[in-house]
Amino acid sequence: MIKFIFCCLALAFAQPILLSQTLYTPRNIQDAYKRGTRSPDGRPGPNYWQNKGRYNIVINAAPPDRTIRGTEQITYINNSPDTIQSPVIRLILNIHRPGAVRYGVASPEYLTNGTEIDAFSENGRSRPFPAKGAGATWKAFRLDRPVAPHDSVQLSFDWHYEISLESNREGMIDSTTFFLAYFYPRVAVYDDYNGWDRLDFTDQQEFYNDFNDYHLTVNVPKDYIVWATGTLQNAEAVLTPACAKKLAASMSTDDILHIATKEDLLKHRVTTPNAVNAWKWTADDITDVTVGLSNHFVWDASSVVVDDATKRRASVQSAYNDTAEDFHQMVEFGRHSLDWLSHNWPGIPYPFPKTTIFQGYADMEYPMMVNDNTTEDPIFSRFVAEHEIAHTWFPFYMGINEARYAFMDEGWATTFELLIGRADLGVEKAENFYRQFRVNNYIYDPSQEEDLPIITPANVLKDVAYGNNAYGKPSLAYLAMKDMLGDDLFRKCLHEYMARWHGRHPTPWDFFYTFNNVAGKNLNWFWNNWFFTNNYIDLAIDKVEGNNVLINNIGGFAIPFDMVIHYADGSSDKQHLTAATWSNNEKMTQITVAPASGKKIRSLELKGGIYVDADVTNNSWTAPR
């Protein structure tokens, strides 16, 4: 383990800001500083680069036939200073193949043959594509003509796969409703600090993608509606005039319009009556595209102003089985989410033209789409939708490597989930939700894997160790920093971090050092405490002498807390302490309580709120009689 240096917060504020001396920094990140691709003040360096692809994809689906067929042309642009000889192609749906490495049991309904490559060409010349490789979900191959810096290569694939009967992040929702995700061969990320991304997709850890441009065509039989990432380019060609008119009207109204009702679908008055309709979509500078299709899902739409300065609206749509009661409110939930998240936290206008909430089984985010379960509790359904929509900013506004650093996106979505929940439900109910879903299972389980450092690469974690380090623990850290800096400075730091790394690939150290840089404070003691240790949450009142209270931080995390002062007359006061109280010493602090004039202290109590204490038996003190 790293030895940590803790210095007095006041001294740290007065001294020059040392950005990297007290944080463990991996050698590949140190090398990135030396090469000038990243800067130790948290900015992209003067030599920063990242690669890009232009994808032209055509897929064909004809449910109930489960075979999806696709063709694509990729222009892959090498912006790196390196000559690329052996690119890596991601074939994520190979996770369905028997024998693939996965963190979970695969049922027979889950298993398929994965992605089958039918044809492949490089710069227009056909050649075999490797059938075998080191990992099931990625394949490397050697180019006939290496790609020099600032050059490009044309890659073409024809492929097919059988959609799985069991639906999770993708798959069959029912016999005529499919959700297609990760369905196309893609060039893996080649970055400045780790080279080619060769991590296996295990069905637990998530994704890492470049910002690409997409042209997507989805060919489906008549009566099928298609929803997808991006902007629909040919509504008039695939929808009846009445439906196309309603869809266009939904883009500029707060009203919820029913683009396709159950009756419309039964009477075949939604889509153009061609044998096959080609739905065309475009999306630029985005990390992925997904598709939902059905011949019986109803369709609602509205829009909401997400940018007051420009009056820009974003479309909010939902696609669902008419029997799903909660989904009849889903456009309303989506409008509220985009409005609140754009104007409050993170407080950056929703960056895309639309979002679609599709009824499935995943409770999963995708660029401009959400695939969510239906539940009998609309409050919980809204809670889930808000979390998934919050992912728009992390990881889709910023190209986060979720597979290695899940806390950089899930931790933020969990934080925004609580902040919007306080507005929706009130502080008490929202915090009860948060404790129930994000904290209690972690803090009441004393096993070793619960306390692994958050910075541990997520690709080597599983089960509770992954879940806690991705969701609850980093969220508690972000909220403790917000409480310590105050909303204004915290917002300034967060917005600058997002501005610096929008459309780029930040690492944790870019985040830590941007906050240091913008706040004008050496916060490394805090980052060390929360992200690089085996700490947990457990405070105790150690000793009370007069008005001085010695508090022992048994667990070690630098948490904010309240000292509640109970008086003999039955009244009480509350004294709030931020995480800064631990800046000198993470294990012990002394505070002075300030009782109300003339009142006698009967007892003292430590209250952590969402910072659930592992052992509350030592959190109180009663004055001797």
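Heavy atoms only: backbone and side chains are in, while hydrogens, waters and symmetry mates are out.
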Is a donor on one side and an acceptor on the other found under 3.5 Å between the side chain of [X] and the backbone of [Y]?
X: Y405; Y: D409; result: no
X: R97; Y: N113; result: yes
X: E170; Y: S164; result: no
X: R90; Y: N209; result: no

Residues R186, E72; criterion salt bridge (Lys or Arg N to Asp or Glu O under 4.0 Å); working and verdict: CA-CA 10 Å; R186 70 189 74 189; E72 71 179 349; over 6 Å; no
Can you say whether the rings of [X] and [Y] are parallel (under 30°), tilted (30 to 60°) or perpendicular (over 60°)?
X: Y497; Y: F515; answer: perpendicular
X: Y182; Y: F201; answer: tilted
X: F179; Y: F358; answer: tilted
X: F532; Y: Y24; answer: perpendicular
X: Y471; Y: H387; answer: parallel
X: F394; Y: W412; answer: parallel

Steps toward side-chain contact (heavy atoms from CB on, under 4.5 Å) verdict (W138, L199): CA-CA 8 Å; W138 60 270; L199 293 181; over 6 Å; no
Taking the side chain as every heavy atom from C-beta outward, state whether [X] and [Y] have any pair of such atoms under 4.5 Å apart.
X: T290; Y: M368; answer: no
X: F157; Y: I89; answer: yes
X: S294; Y: I173; answer: no
X: Q205; Y: Y103; answer: yes
X: L180; Y: V218; answer: no
X: E449; Y: L461; answer: no
X: F396; Y: E365; answer: yes

Any idea which heavy atoms bring [X] and [Y] closest together, and the distance?
X: M408; Y: Y478; answer: CA-OH, 4.1 Å
X: D200; Y: A136; answer: OD1-N, 4.3 Å
X: P185; Y: I117; answer: CG-CD1, 4.1 Å
X: F407; Y: N469; answer: CB-O, 3.2 Å
X: I400; Y: Y208; answer: O-CD1, 3.8 Å

Regarding [X] and [Y], is there a side-chain donor-to-acceptor distance under 3.5 Å anywhere?
X: Y76; Y: N51; answer: yes
X: W279; Y: N234; answer: no
X: D191; Y: N194; answer: no
X: Y184; Y: D288; answer: yes
X: N60; Y: N219; answer: yes
X: S475; Y: T415; answer: yes
X: T507; Y: D510; answer: yes
X: D41; Y: S39; answer: yes

Pair E496-R500, salt bridge (Lys or Arg N to Asp or Glu O under 4.0 Å): steps then yes or no: CA-CA 6 Å; E496 178 62 19; R500 290 178 179 183; 2.9 Å; yes
Enclosure of K52 NZ (heavy-atom neighbours >12, cutoff 6.0 Å): yes
Using 0.5 Å steps for rounding, measure from the [atom1] atom of [X] to the [atom2] atom of [Y].
X: L111; Y: E162; atom1: CG; atom2: CD; result: 11.0 Å
X: N522; Y: Y513; atom1: CG; atom2: OH; result: 9.5 Å
X: S86; Y: Y190; atom1: OG; atom2: OH; result: 10.5 Å
X: I163; Y: F178; atom1: CD1; atom2: CZ; result: 5.0 Å

Evaluation steps, side-chain contact (heavy atoms from CB on, under 4.5 Å), between Q85 and R142: CA-CA 6 Å; Q85 296 183 338; R142 192 167 186 84; 3.3 Å; yes
Stepwise side-chain contact (heavy atoms from CB on, under 4.5 Å) test for L341 and F416: CA-CA 8 Å; L341 294 164; F416 301 144; 4.0 Å; yes
